[in-house]
Amino acid sequence: MSRPYPFTAIVGQDSLRLALLLNAISPAVGGVLVRGEKGTAKSTTVRALATLLPEVDVVVGCRFSCAPDLPDPTCPDGPHEATSKASRPASIVELPVGASEDRLVGSLDIERALTEGVKAFEPGLLAAANRGILYVDEVNLLHDHLVDVLLDASAMGASYVEREGVSVRHAARFLLVGTMNPEEGELRPQLLDRFGLTVEVAASRETDLRVEVVRRRLAYDDDPASFAAKWADEEGALRARIVAARALLPQVRLGDGALRQIAATCAAFEVDGMRADIVMARTATALAAWAGRTDVLAEDVRQAALLALPHRRRRNPFDAPGLDEDKLDDTLEQNSSEDDDPDPDGPGGGGRPPEGDGPDTPPQGEGGADDTPAQSVPEQGGEKEQGQAGGSGEQQPVRAGEPFRTKMLSVPGLGEGAAGRRSRARTEHGRTTGARRPQGALTKLHLAATVQAAAPHQRARGRSGRGLVVRRDDLRQAVREGREGNLVLFVVDASGSMAARQRMTAVKGAVLSLLMDAYQRRDKVGLITFRGKDAEVVLPPTSSVDAAAARLEMLPTGGRTPVAAGLLKAHDVLRVERLRDPSRRPLLVVVTDGRATGGPEPVALASRAARLHEAEGIASVVVDCESGPVRLGLAVSLAGELGGTAVTLDELRADSIAGLVKDVQGYSRRAA
C-alpha cells in the first residue's frame with residue numbers, strides 16, 4: 001500500500017492542520033468538521049494525520065483494541081486478565097457513505113442467539129476505530145440515523161448494539177473527522193453542533209502557492225517512498241511535539257479570567273446550549289499545551305472561538321457559517337482581566353497555527369443574501385406591457401418575501417426511497433407494520449411472528465424443556481414503515497404576468513418556504529423556470545437546497561408565459577432522474593397563475609404537456625399565484641390536467657385557516 005502524503009508537506013491550510021492537531025492532543029475537543037470545495041486536500045490532510053499519532057498498546061487478540069493496563073471490563077472479548085500486549089500504529093477507519101447501520105455498529109447473529117443461545121457479535125467500524133481516527137468523507141450525504149449513531153458513540157465513548165433483548169456494549173473512543181462539500185447539501189444544525197470544531201477550506205488564489213502544491217503532488221506521485229523520506233525529519237519533530245503537548249495538557253490552568261471570556265463570547269454570539277462553552281474551554285486548553293504553556297491566554301480563547309463557534313451561529317438552513325471577528329475582539333477586550341498575560345507571543349507563539357509553507361488561511365464563510373435594496377417593480381396593467389416578444393421588458397430580480405412554515409405536501413402511496421421525512425415508505429427504521437420471511441440475512445426480528453410460526457411444531461420437534469425450539473424457517477423479518485425523502489422539482493413561472501403587482505416577491509417567498517421545508521425533510525430539489533419563449537433548468541436536482549435558494553434570489557422576470565415549455569422540460573428532467581435514482585419518487589410543484597401565452601395554441605399545448613405527467617403518475621401540486629378581483633381559475637384547470645391539486649399562496653401556509661391541509665392528489669402507478 002502506498003505511503004500516505006506527509007502531513008508537514010501540505011501547503012497552507014493552517015486552520016485545518018491546527019484543528020486536527022488540537023484533536024490529536026485532546027480528543028475530548030470533539031472532532032473536526034471540514035467544509036470546503038472539492039480538490040482542497042481535505043481527505044489527504046486527514047489521512048496524513050494518522051501517521052503522526054503515537055502507537056497504541058493493545059491486548060493481543062482483542063478485536064476492540066483494549067488497553068493492556070486498563071482493559072474495558074465490559075469488553076465482549078473479555079475479561080482480559082493475564083494479558084499479553086502488542087503495539088501497533090493508530091488506525092484510521094473510513095466510513096463509506098453507503099454503509100449500513102450494522103456495518104457501522106456491528107451486528108448480532110439473531111438466528112444463533114435464538115436457536116443455540118449463543119451471543120455471537122461481529123464488530124463494526126466503530127470497534128475498529130477505537131483509540132484511532134474515524135473518518136467520514138461526505139458526512140453530509142450520510143443518512144440521518146447513521147449520523148446520530150455516530151455522534152452518540154463519539155460523545156459517550158461507547159457503542160451499544162440492541163437486537164430484540166440481546167445487547168452488546170463496547171468501547172468506542174476515537175477522533176471523529178468529517179469532510180463535506182457544502183454544494184452537495186448541508187448538515188442539519190443539530191448535527192453541526194455535535195462536531196467540536198469546524199474549518200472552512202478553499203484553494204489558494206496565489207500563483208506561487210498553487211505551483212508549489214502541484215510540484216509536491218507530482219513528486220509524491222512519482223515516488224511516494226522517497227518523498228516521504230524527504231519529510232521524515234519534519235514529521236518526527238511534529239510527532240514529538242504532539243507527545244509533549246499531550247503530556248503537558250493535564251498541567252494547563254484555565255483561569256477564571258479565561259473562563260469569563262469564554263462564557264461572554266458564547267453569550268454574545270447567542271449560541272444555543274452549553275456545548276459551545278465546553279468545547280471552547282477544551283480547545284483553549286489544548287492550544288496552550290500546543291504552545292508549550294501552562295496558562296490559557298486571551299489569544300487562545302480567540303483562536304478557540306474561531307474554530308468552535310462559526311458552525312453554531314446558523315439560525316436558518318440558508319445561513320452560511322461565519323463569525324464577526326470585530327465583534328469577537330470587542331467582546332474579549334470588554335471581558336479581559338488583569339491575570340491575562342499581556343504578551344500573547346509567549347513560548348510557542350500563543351497558540352498560533354503550526355509553521356507551514358506560507359499563510360494560506362481561507363476566508364471564513366460569510367454567505368448570506370445580497371444586501372442590495374430590493375428593486376421596485378412598477379405595477380403593470382397586464383402582460384402586454386411587460387413585453388410581447390420573448391424576453392423583452394425583462395424586470396430586475398426582486399427580493400423574496402418573508403419565508404413561512406408550509407403545509408405538508410406528500411407523495412401518495414408507499415415508497416422505498418432514501419430515508420427522509422416527507423412521504424410514507426418501507427424503511428429500516430420506523431414503526432413495525434407486519435412481518436415476512438427474511439430475504440437474505442435477518443436484520444430486524446419480528447419476535448411475536450417468529451414465536452407464532454414456531455409454536456405449532458413444538459411437539460413434532462420433541463420439545464421437552466421450557467425453551468422454545470426455533471428453526472430458521474420460523475424466523476420472521478419485521479416490516480417497518482417510516483418516511484422517505486423525495487425529489488421536489490419546482491417549475492416556476494417567471495413571466496411578465498408574474499411580475500405584475502409585485503407578485504414575484506410573494507412567489508419567491510413561497511418557493512423559499514417550500515425549499516426550507518424540503519431541507520428539513522431531507523429531499524433533493526431541482527429548479528426550472530419558464531418565461532419568454534422557453535424554459536431553463538436553473539438548478540439540476542441536487543441535495544444542496546441552499547444552492548436552489550441562491551438561484552431563486554437572482555431570478556429575473558419578464559416576457560410571455562410558455563407553460564408547456566416548463567412542463568416539458570420538467571418531464572425530461574424527471575425521466576433522467578428516474579434512471580439515476582429509480583427508488584426516489586418525485587413531487588412536481590408548479591408555481592404559476594396558469595396564463596399560458598406565446599406561440600400557437602399555448603393553452604392546448606400546456607394541457608397536453610400536463611397530461612404527460614398525469615399519464616406517468618407523477619404526484620403534483622400547483623401553487624396558484626393568481627390575484628386580483630377577477631380570477632380565471634387557469635391554475636386550477638392546470639392542476640386538473642396534471643392529476644394533482646391546486647393551493648393558493650394563502651392556503652400554503654401551515655397556519656392558514658383558508659382550508660384543511662391539502663395532500664397532493666392524483667394516482668401513482670408505481671404506488672398502485
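FYI, side chains are in, hydrogens and waters are out, and symmetry mates aren't considered; it's all heavy atoms of this structure. All of these numbers come straight from a predicted model, not from anything done at the bench.
Without hydrogens or angle criteria, Gln261 side chain to Leu332 main chain gives a donor-acceptor distance under 3.5 Å. A donor-acceptor pair is defined here as one N or O able to donate and one able to accept, closer than 3.5 Å; no such pair exists between the side chain of Asp72 and the backbone of Cys66. Remark: the backbone N or O of Ala67 is not paired with any side-chain donor or acceptor of Asp57 at under 3.5 angstrom. Within the 3.5 Å criterion, the main-chain N or O of Ala19 finds a donor-acceptor partner in the side chain of Asn23. A distance-only check finds no donor-acceptor pair linking the side chain of Ser91 to the backbone of Val93 [under 3.5 Å]. Looking only at distances, no side-chain donor or acceptor of Arg421 sits under 3.5 Å from a matching main-chain atom of Ala518. At least one donor-acceptor pair under 3.5 Å links the side chain of Thr45 to the backbone N or O of Ala41. The backbone N or O of Asp272 sits nowhere less than 3.5 Å from a side-chain atom of Arg312 that would complete a donor-acceptor pair. In this structure a side-chain-to-backbone donor-acceptor pair under 3.5 Å is present from Asn335 to Thr331. In this structure, Arg293 contributes its side chain and Asp295 its backbone to a donor-acceptor pair below 3.5 Å.
Electrostatic pairing of Asp256 and Arg260 does not count as a salt bridge here, judged by no charged N lying under 4.0 Å from a carboxylate O. Using a 4.0 Å cut-off between a side-chain N of Lys or Arg and a carboxylate O of Asp or Glu, Glu212 and Arg216 qualify as a salt bridge. Arg302 and Glu325 are joined by a salt bridge, as a carboxylate oxygen and a charged side-chain nitrogen come within less than 4.0 angstrom of each other. Between Arg17 and Asp14 a salt bridge is recorded (basic side-chain N to carboxylate O distance below 4.0 Å). A salt bridge does not link Asp69 with Lys85: none of the charged nitrogens is closer than 4.0 Å to a carboxylate oxygen. Under a 4.0 Å N-O distance rule, the pair Arg584/Asp581 qualifies as a salt bridge.
Here salt bridge (charged side-chain N to carboxylate O under 4.0 Å, His left out) pairs that include residues 279-291, with residues two or more places apart or in two chains, number zero.
In terms of heavy-atom proximity, Ala284 sits nearest to Ala304 at N-CB, 3.9 Å. Across Val105 and Leu126, no two heavy atoms sit closer than the pair CG1-CD1, 3.9 Å. Taking both residues in full, the closest heavy atoms of Ala90 and Leu53 are given as CB-CB, 3.7 Å, listed atom of the first, atom of the second, then distance. Residues Pro6 and Glu235 share a closest heavy-atom pair of C-OE2, 3.8 Å. Between Asn140 and Arg522, the shortest heavy-atom contact is O-NH2, 4.0 Å. Contact between Arg246 and Pro250 at its shortest, heavy atoms only, is O-CD, 3.5 Å.
Under the rule for a side-chain hydrogen bond (donor to acceptor under 3.5 Å, both in side chains), Asn181 has no partner lying at least two apart in sequence or in another chain. Every residue meeting the ring pair (Phe, Tyr, Trp, His ring centres under 6.0 Å) condition with Phe64, not counting sequence neighbours, appears here in chain and number order: His170. Asn130 pairs by the side-chain hydrogen bond (donor to acceptor under 3.5 Å, both in side chains) definition with nothing, not counting sequence neighbours. Among residues two or more places apart in sequence or in another chain, the salt bridge (charged side-chain N to carboxylate O under 4.0 Å, His left out) test is passed with Asp152 by Arg194. Take Asp221 and apply the salt bridge (charged side-chain N to carboxylate O under 4.0 Å, His left out) test, not counting sequence neighbours, and it matches Arg217.
The shortest side-chain heavy-atom distance between Val214 and Arg210 does not fall under the 4.5 Å cut-off. With contacts defined as side-chain heavy-atom distances shorter than 4.5 Å, the pair Ile92/Val46 qualifies. Looking at heavy atoms from C-beta onward, Pro27 lies out of side-chain contact with Arg173 at the 4.5 angstrom threshold. Between Cys266 and Met280, the closest side-chain pair of non-hydrogen atoms falls below 4.5 Å. Looking only at side-chain heavy atoms (C-beta outward), Arg422 and Asp517 come within less than 4.5 Å of each other. At least one side-chain heavy atom of Leu134 sits under 4.5 Å from a side-chain heavy atom of Leu150. In this structure, Phe174 and Ile133 have side chains that are not in contact, with every pair of non-hydrogen atoms separated by 4.5 Å or more. Annotation: side chain of Leu125 is not in contact with side chain of Glu94 (no heavy-atom distance under 4.5 Å).
Here the CG atom belonging to Asp277 is positioned 9.0 Å from the OG1 atom belonging to Thr265, to the nearest 0.5 angstrom. Leu49 contributes atom CG, which lies 6.5 Å from atom CG of Leu175 (distance to the nearest 0.5 angstrom). For the atom pair Leu33 CG and Leu176 CG, the distance stands at 9.0 Å (nearest 0.5 Å). Taking OG1 of Thr542 as the reference point, atom CG of Asp523 lies at 12.5 Å (rounded to 0.5 Å). Atoms CG and SG, from Asp77 and Cys62 in turn, are 5.0 Å apart once rounded to the nearest 0.5 Å. In this structure, OG in Ser544 is found 10.5 Å from OH in Tyr519, a value given to the nearest 0.5 Å.
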ask   = Should Ser65 and Arg88 be marked as a side-chain hydrogen bond (donor to acceptor under 3.5 Å, both in side chains) after you check the CA-CA gap, both sets of side-chain angles, and the distance that decides it?
value = CA-CA 10 Å; Ser65 303; Arg88 63 162 177 78; 2.7 Å; yes

message = Under the criterion side chain to side chain contact (heavy atoms under 4.5 Å, CB included), I'd like the reasoning laid out for Val136 against Thr179: C-alpha separation, chi angles, the key distance, then a yes or no.
response = CA-CA 6 Å; Val136 189; Thr179 59; over 6 Å; no

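For Arg103, the CZ atom sits in a loose shell: 12 or fewer heavy atoms of surrounding residues, nucleotides or ligands are nearer than 6.0 Å. Summarising the local packing, CD of Glu55 is surrounded by more than 12 heavy atoms from other residues, nucleotides or ligands at distances under 6.0 Å. The number of heavy-atom neighbours closer than 6.0 Å to CZ of Arg169, taken from other residues, nucleotides and ligands shown, is above 12.
The aromatic rings of Tyr5 and Tyr220 sit perpendicular to each other, their planes meeting at more than 60°, with 30° as the lower class boundary.
For the pairing with Arg35, the side chain to side chain contact (heavy atoms under 4.5 Å, CB included) check across Val139, Val199, Thr198 returns one residue only, Thr198. Considering Leu18, Thr283, Leu197, Leu328 in turn, Leu328 is the only one that fulfils the side chain to side chain contact (heavy atoms under 4.5 Å, CB included) rule with Leu306.
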